[in-house]
Protein chains: 2
Amino acid sequence: MSPRGARPSSSASDERAATLSQVAHEAGVSLATASRAINGSPDRVVGEDLRRRVLEAAARLDYSPDANAQAMARGRTATIGLIVHDIADPYFSTIAAGVSAAADEEHLAVTLANTQHDPARELAFVRTLQQQRARAIILAGGRQDDARANEALQAALAGYQHRGGTVALIGQPVLGVSTVRADNGRGAAALANALLDLGYRRFGILSGPDRHLTARERLEGFIGALDAAGVTPDAVVASAFTRDGGHGALAELRERAPEAEVVWAVNDVMALGAMTAAREAGLSVPDDLAFAGFDDISTLRDVAPPLTTVHLPLEEMGRLATPLALDVDGGVREVTVSGEVVVRASTPRR
Amino acid sequence: MSPRGARPSSSASDERAATLSQVAHEAGVSLATASRAINGSPDRVVGEDLRRRVLEAAARLDYSPDANAQAMARGRTATIGLIVHDIADPYFSTIAAGVSAAADEEHLAVTLANTQHDPARELAFVRTLQQQRARAIILAGGRQDDARANEALQAALAGYQHRGGTVALIGQPVLGVSTVRADNGRGAAALANALLDLGYRRFGILSGPDRHLTARERLEGFIGALDAAGVTPDAVVASAFTRDGGHGALAELRERAPEAEVVWAVNDVMALGAMTAAREAGLSVPDDLAFAGFDDISTLRDVAPPLTTVHLPLEEMGRLATPLALDVDGGVREVTVSGEVVVRASTPRR
DNA sequence: CTGTTAGCGCGTTCAC
DNA sequence: GTGAACGCGCTAACAG
């Protein structure tokens, strides 16, 4: 193996990185001075000359501070944990992009945890992040109305917070921590009204799991608005909150609501899956059946016909969650973003 | 604030977590014994009785090992870094899901770095991950043929490796490290032949940036196959390797290749963007113009008409990269996955 | 402004 | 088997 890469000008180049004390030695100053020069604490009080000497020595040795040692000495890390249900889902990957961008600005590293929709894994990740002493945890994704799971999670988060960690949620504030939430009910109601305005009267609804709070909020908002207009949906079919959930549930919906003019799914991926299923069944969209969703994931830009939905600023939500999560002053805050109805060609006027 | 969460049975419950030595004290054993009992080093030589006492004490104190301290003492972390161009792009988020799953199995945490297509940021992340002493780094995304940027990156990676870090790429092996690569040339050629078989003779091509190696490999494979059949593309238009790149470049392609029967873009997101642009221009897909892509991102499941493409096992590629990245024995290995042509309705027989 | 000295929490030699 | 002591690399008092 020929030696490659950086080559310190002096002495032996070990397998391991140069340490601060080596830098200090090389610069002929004390450890403390080297530390101050390189880090420049709030009190940037190192003589310009020494400071320069240290920096040069560091460059010469290709010094790279050890974040673990710093974390240890400082008592806190520069890491933020992000827990999502499924990073491959555009909903979450967009949120992740937002969190990542915001974390970047704060010079924080992001540890990604992908639960694959498994509450047990979610719990395990909270513990792992606690071990890493992550400064904050952001939990993205709607909660379920599952007392046991929520209690376990809440206990784990409480333990984490008890030790100085801070937490934010993107979803529902059921856990007593700061939360970025979407005004699901209002958004869904607005969408329902928009569809009514367009002339739709026969609705088939693909709801998520009964206990999924986001699904429930949206469903209630939507049905409430229909109700106010004296309209009752032909059928409401529950399924998983995923693309495949929507895809698989369409057949039942058609059976139970053969007269439906429009199918509304509680999120976009479900709507897309259902739309595909409709096509597979030989239907034409939107002529035979119209479709609408919720979220406005970026994927929709290239879907035909363009899907009517409720726009949520997903990346922004990820961004917003970051300062909330980092907020140490213990206040439980709540930020609500509102959804905006976007009518597109998947729901033409009737 | 009412105290909530875990409550140690004994003494005061500090703001900070219980330490191993507290556990040792609580259990009436030495620090060393506690360490061995909880960790069970290769030499699991702690009496069953003591072991039990320690574990109980740990549970009572709600002990949570400090990963930073462990990393420090052990000399290595349990973290793997993942650098991607854009986590919101389905191509990368799917790879990320694969990496995440594989890392999970190895009990490694994943630090996510999102470069937003900026080489400078990429470099910065390599440094950050080095500071974190991440055990390995996975760089996903095709390289550019940019000597300066590549050299800088290569130097940074070499420094990282010099200090014991290991690296793997998902893309091209231009950096002298282990790589998971797709057989882009062969896949593209197979696609070209499939399109020829379907009766297409007039091709409009949306290539990526000239210096983008993945784009180039695919382009060359495709054109080579056309060539062998005595066919020359009507036009090749370069653009960004993104959805918007494809979307924006379609107009020029139509201008330069008005007779084209099919548009092939070097990746799916570009093809989708272009397809949308075609529709916006009033064309019907695939009747007026057929489309094909490359990658088979999951998004395609719900696109209409279904897009013909070359399937790449993206999640699997992320999975495969993980052991490669972790491989300490210094061998530069290369794994090639092959793409499989998938003909769908976006390219009907002519 | 700069240097000395304690730790941070844990793994790991060494002795016993 | 178990315990005592050292060190990982760095920051943060505390002195000068």
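What you see below is based on every heavy atom in this structure, not just the backbone, and it leaves out hydrogens, waters and symmetry mates. In the text below, chain A, chain B and the rest are named by the order of the sequence lines, each starting its count at 1.
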Phosphate-side-chain proximity, B:Asn39 and C:dG11, N/O vs OP1/OP2 below 4.0 Å: yes
What N/O pairs connect the protein and nucleotides 3-7 of chain C at under 3.5 Å? Give each pair on its own line.
{"from": "C:dG3", "atom 1": "OP2", "to": "A:Ser30", "atom 2": "N", "distance (Å)": "3.2"}
{"from": "C:dG3", "atom 1": "OP2", "to": "A:Ser30", "atom 2": "OG", "distance (Å)": "3.3"}
{"from": "C:dG3", "atom 1": "OP2", "to": "A:Thr33", "atom 2": "OG1", "distance (Å)": "2.5"}
{"from": "C:dG3", "atom 1": "N7", "to": "A:Arg36", "atom 2": "NH2", "distance (Å)": "2.6"}
{"from": "C:dG3", "atom 1": "O6", "to": "A:Arg36", "atom 2": "NH1", "distance (Å)": "3.3"}

Atom pair distance, as rounded to whole Å: CE in B:Met72 and P in D:dC10: 7 Å
Please report the distance, rounded to the nearest Å, between CZ in A:Arg133 and C1' in D:dC10. 18 Å
Candidates C:dC8, D:dC10, C:dC10 - which lies nearest the side chain of B:Thr19: C:dC10
Measuring to OP1 and OP2 of C:dG11, would you say a side-chain N or O of B:Ser35 lies under 4.0 angstrom away? yes
All pairs passing salt bridge (Lys or Arg N to Asp or Glu O under 4.0 Å) where residues 122-135 of chain B contributes a residue, at least two apart: A:Asp66-B:Arg133, B:Glu122-B:Arg143
Would you please name every residue forming a side chain to side chain contact (heavy atoms under 4.5 Å, CB included) with B:Ala113, sequence neighbours left out? B:Ile83, B:Phe125
Taking only N and O in the side chain of B:Gln70, is any of them less than 4.0 Å away from OP1 or OP2 of C:dG11? yes
For B:Thr19, which residues count as a side-chain hydrogen bond (donor to acceptor under 3.5 Å, both in side chains) partner, sequence neighbours excluded? B:Ser21
Enumerate, atom names and distances included, each donor-acceptor pair closer than 3.5 Å involving a side-chain atom of residues 146-153 of chain B, sequence neighbours excluded.
{"from": "B:Asp146", "atom 1": "OD1", "to": "B:Arg148", "atom 2": "N", "distance (Å)": "3.1"}
{"from": "B:Asp146", "atom 1": "OD1", "to": "B:Ala149", "atom 2": "N", "distance (Å)": "3.2"}
{"from": "B:Asn150", "atom 1": "ND2", "to": "B:Gln144", "atom 2": "O", "distance (Å)": "2.8"}

So if I take the C1' atoms of five pairs at each end of the helix from C:dC1-D:dG16 to C:dC16-D:dG1 and get each local axis, what angle do the two axes make, rounded to 10 degrees? 40°
